[in-house]
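Before any comments, here is the structure.
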Amino acid sequence: MHELGITEAILDIVLRHAGGARVRTVQVTVGEWTGYAGDSIELFWQELARGTAAEGARLEFRFEPATLKCRSCGTVFGANGSDLQCPQCSALGGEPAGGRDCTVDAIEVEGGDAA
């Protein structure tokens, strides 16, 4: 259910950058740490975009895996479930390094790209 807010934000960004042109495709990156589900964003998108220039636009998702940066040696590694051990120095845990964001990467509109 928390995808409602992010879908509203995505639609706002898309409509602002489309400048009134009909939107065909929106490319979105969803980080694993966000917990957002692409199918939930799709469902909200269909309802929220109705009656706008983005109605019927296709969403294309790229999912970014969760990664950590080791506090000891700086190695960036995948956060695989409960295995949070650095593969380089064996230190435990680290700072989140990737997979925390949800971004609109590109917008395709009729007659050209908007962003």
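Heavy atoms only: backbone and side chains are in, while hydrogens, waters and symmetry mates are out. The shown structure was predicted, so the numbers you read here are calculated from the model rather than taken from an experiment.
Taken from CG in Asp12 to NE2 in His17, the straight-line distance is 9.0 Å, to the nearest 0.5 Å. Atom OG1 of Thr25 sits about 9.0 Å away from atom CG of Leu59, to the nearest 0.5 Å. To the nearest 0.5 Å, the span separating CD on Glu64 from OG1 on Thr29 amounts to 6.5 Å. With rounding to the nearest 0.5 Å, the separation of NZ in Lys69 from OG1 in Thr75 is 9.5 Å.
Among all heavy-atom pairs drawn from Ile13 and Ile107, the shortest one is O-CD1, 4.4 Å. Nearest heavy atoms, Val23 versus Ala57: O-CB, 3.4 Å. The two residues Glu3 and Gly35 come nearest to each other via the heavy atoms OE2-O, 3.7 Å. Of all the heavy atoms in Gly93 and Leu68, the pair that sits closest is C-CD1, 4.4 Å. The two residues Ala91 and Ser72 have their closest heavy-atom pair at CB-OG, 3.5 Å. Heavy-atom minimum distance, Cys102 versus Thr34: N-CG2, 4.3 Å.
Taking 4.5 Å as the limit, every side-chain heavy atom of Phe77 sits out of range of all side-chain heavy atoms of Thr67. Taking the side chain as every heavy atom from C-beta outward, Glu95 and Arg71 approach each other to under 4.5 Å. A heavy-atom distance below 4.5 Å is found between the side chains of Leu48 and Leu4. At least one side-chain heavy atom of Glu42 sits under 4.5 Å from a side-chain heavy atom of Phe61. Using a 4.5 Å heavy-atom threshold, the side chains of Thr52 and Leu15 count as touching. A heavy-atom distance below 4.5 Å is found between the side chains of Glu55 and Arg22.
Between the side chain of Trp45 and the backbone N or O of Thr7 there is no donor-acceptor pair closer than 3.5 Å. Remark: the backbone N or O of Ser90 is paired with a side-chain donor or acceptor of Gln85 at under 3.5 angstrom.
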task = Carefully, step by step, assess Asp101 and Thr103 under the rule side-chain hydrogen bond (donor to acceptor under 3.5 Å, both in side chains).
result = CA-CA 6 Å; Asp101 300 319; Thr103 58; over 6 Å; no
message = Under the criterion side chain to side chain contact (heavy atoms under 4.5 Å, CB included), I'd like the reasoning laid out for Glu32 against Arg100: C-alpha separation, chi angles, the key distance, then a yes or no.
response = CA-CA 7 Å; Glu32 186 177 355; Arg100 296 184 303 172; over 6 Å; no
request  = I would like to know whether Leu92 and Leu84 meet side chain to side chain contact (heavy atoms under 4.5 Å, CB included); could you show each step before the answer?
outcome  = CA-CA 6 Å; Leu92 289 176; Leu84 304 177; 5.6 Å; no
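Classification of Arg24 and Glu108 as a salt-bridged pair holds, one side-chain N sitting under 4.0 Å from a carboxylate O. Note on Glu60 versus Arg58: salt bridge recorded, some NZ/NE/NH1/NH2 to OD/OE distance being below 4.0 Å.
Around atom CD of Glu8, more than 12 heavy atoms belonging to other residues, nucleotides or ligands sit under 6.0 Å away.
Both Tyr36 and Phe63 are assigned to one and the same hydrophobic cluster, defined by single-linkage of ILVMFWY side chains at heavy-atom distances under 4.5 Å. When the side chains of ILVMFWY residues are joined at heavy-atom separations under 4.5 Å, either directly or via intervening members, Phe44 and Ile10 end up in a single hydrophobic cluster.
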